[in-house]
Number of protein chains: 2
Amino acid sequence: MAIPRAAKTLRRTRIQEEKEEQILEAALDVFSARGFRGSTIDQIAEVAGMSKPNLLYYFRTKEAMHRALIDRVLYTWLEPLRAFDAEGNPEEEIRSYIRRKLEMARDFPRESRLFANEVLQGAPHIEDELKGPLKQLVDEKAEVIRAWAKSGKIVECDPYHLIFSIWSTTQHYADFDVQVRAVLGQEHSGEGRFEDAARFLEQLFIGGLRPELG
Amino acid sequence: MAIPRAAKTLRRTRIQEEKEEQILEAALDVFSARGFRGSTIDQIAEVAGMSKPNLLYYFRTKEAMHRALIDRVLYTWLEPLRAFDAEGNPEEEIRSYIRRKLEMARDFPRESRLFANEVLQGAPHIEDELKGPLKQLVDEKAEVIRAWAKSGKIVECDPYHLIFSIWSTTQHYADFDVQVRAVLGQEHSGEGRFEDAARFLEQLFIGGLRPELG
DNA sequence: CGGATATTTGACCGATTGGTAAACATTACA
DNA sequence: TGTAATGTTTACCAATCGGTCAAATATCCG
């Protein structure tokens with residue numbers, strides 16, 4: 001008698017890896033565009049090019065699909081913040097953090113929207129990750145920033161809200177892409193908007209907006 | 001024979017106004033928390049304390065409900081940007097724009113999330129509003145900012161991305177509230193976080209983050 | 001009052017939802 | 001090659017979806 005669910009087997013076959021990959025790729029497409037509740041298994045199945053029961057052979061439920069996707073993407077998503085280096089030059093660290101986050105908004109907008117959808121709707125599936133690993137990581141990096149300020153390397157400021165502001169400004173270009181493009185108009189909606197954004201954000205976070213005194 | 005839909009009558013009765021108000025209030029609750037596709041008429045009906053067919057007596061479809069809600073909220077939502085005054089003191093105008101947007105994130109988070117959900121999922125119902133009235137308004141205010149820069153009152157910067165960064169940083173506290181609270185921890189999740197945010201954002205946008213020389 | 005109009009509801013509809021059962025097809029491997 | 005395990009599909013299920021209908025009820029106004 002066959003073991004009913006592939007997920008329960010210990011060894012993963014080549015087919016399992018390929019199909020699960022295929023499914024998660026499709027799930028990212030759908031979940032990021034419509035949110036968890038707004039997505040249907042049929043839609044994911046269609047994008048993945050497989051039948052619905054076939055999806056459910058690899059992931060027992062819609063929730064399991066979503067969870068596997070979140071788990072897979074979360075680690076990568078936090079990579080830029082993890083790379084934030086206490087030993088580095090503060091200005092350069094902040095600059096490159098912004099640059100990397102903006103690159104991710106440009107190159108991985110679906111991942112950004114996946115989390116945005118989830119958090120926006122109360123984070124029912126990732127509350128633990130937010131309060132646990134995420135908070136720990138941010139606490140750690142906030143302490144780094146605070147130390148920089150203490151030693152006068154950067155100006156004194158609230159490190160948590162600094163991080164929030166970098167998150168929000170950069171991810172805005174992924175999460176609110178349609179709005180950004182609508183406002184910029186067709187002529188400025190090429191990929192050049194990311195370079196403009198990078199220039200502006202560097203000016204904002206590094207250079208400051210106040211006009212230099214005479 | 002009764003005119004089948006209240007919406008078709010010319011004169012609106014007291015009951016119509018009250019009930020429509022009641023329904024839109026409930027719809028704001030549900031749509032902002034779950035997005036259009038994730039929401040059901042039954043949920044709205046339950047929150048509104050009425051039966052489902054009764055909702056559909058006032059709004060023929062789920063879409064009509066959503067549209068009426070959007071129409072009602074959009075004008076108010078853009079009020080702070082509209083108040084942006086070309087004749088005012090630039091620094092003070094930007095400062096008070098940020099303050100007002102942050103107050104709206106604090107006092108009207110549902111409205112913020114309503115639009116966030118919509119835009120995040122591709123703005124299928126408000127594309128026209130984005131490309132029309134919103135773009136026009138932003139174009140107009142961007143011109144004001146550009147003029148300020150030209151005359152040396154503020155530093156030269158991209159006005160569109162400046163506006164985007166103010167939107168994103170302030171609305172972040174409404175749209176990503178659960179994440180903000182999770183990261184700040186229970187002890188910093190009181191309403192005081194908005195004052196901290198206000199202080200930080202003023203520092204960022206007005207004061208600049210670079211340490212003052214000598 | 002009384003009748004016209006406006007409002008409300010329970011029962012119901014077809015379509016779609018997440019998920020299952022079991023027959024069928026394919027693969028891996030001794 | 002044979003067979004057991006893995007993979008796939010068709011047909012189906014109960015629950016829920018957006019929405020309709022007719023009958024019942026409440027309100028307005030002469």
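The shown structure was predicted, so the numbers you read here are calculated from the model rather than taken from an experiment. Each chain gets a letter, A, B and so on, in the order its sequence line appears, and its residues count up from 1.
Side chain to side chain, Tyr160(B) and Asp196(A) fail the donor-acceptor criterion of an N or O pair below 3.5 Å. Residues Gln43(B) and Asp29(B) have side chains that never bring a donor and an acceptor to within less than 3.5 angstrom of each other. Under 3.5 Å, the side chains of Asp158(B) and Gln203(A) contain no donor-acceptor pair of N or O atoms.
If you check every strand for non-hydrogen atoms under 4.0 Å, Lys19(A) touches sugar and phosphate atoms only.
Put simply, Asn54(B) has no side-chain N or O that comes within less than 4.0 Å of OP1 or OP2 on dT7(C). The phosphate of dT8(C) has neither OP1 nor OP2 within less than 4.0 Å of any side-chain N or O from Ser51(B). An OP1 or OP2 oxygen of dA6(C) is reached within less than 4.0 angstrom by no side-chain nitrogen or oxygen of Tyr58(B). Taking only side-chain nitrogens and oxygens, Gln16(B) comes nearer than 4.0 Å to OP1 or OP2 of dT7(C). Side-chain N/O atoms of Tyr57(B) include none lying less than 4.0 angstrom from OP1 or OP2 on dT8(C).
Of the possible donor and acceptor atoms, none in the side chain of Lys101(B) sits under 3.5 Å from a partner among the backbone N and O of Pro80(B).
Of the candidate nucleotides dG19(C), dT7(C), dT20(D), dG19(C) has the atom lying nearest to any side-chain atom of Lys62(A). In the set dT17(C), dT20(C), dG19(D), dG19(D) carries the atom at the smallest distance from any side-chain atom of Leu56(B).
Remark: P of dG18(D) and CZ of Phe59(B) are 16 Å apart, rounded to the nearest angstrom. Rounded to an integer number of Å, the gap from NE2 of His66(A) to P of dG19(C) is 13 Å.
The distance from the CE atom of Met50(B) to the CD1 atom of Ile23(B) is 4.0 Å, given to the nearest 0.5 Å.
Comparing the local axis fitted to the first five base pairs of the helix from dC1(C)-dG30(D) to dA30(C)-dT1(D) with the one fitted to its last five gives a bend of 10°, rounded to 10°.
Looking at residues two or more places apart in sequence or on another chain, you find a ring pair (Phe, Tyr, Trp, His ring centres under 6.0 Å) between His125(A) and Phe36(A), His66(A).
The base of dG19(D) sits within donor-acceptor range of the side chain of Lys52(B), with an N or O pair under 3.5 Å.
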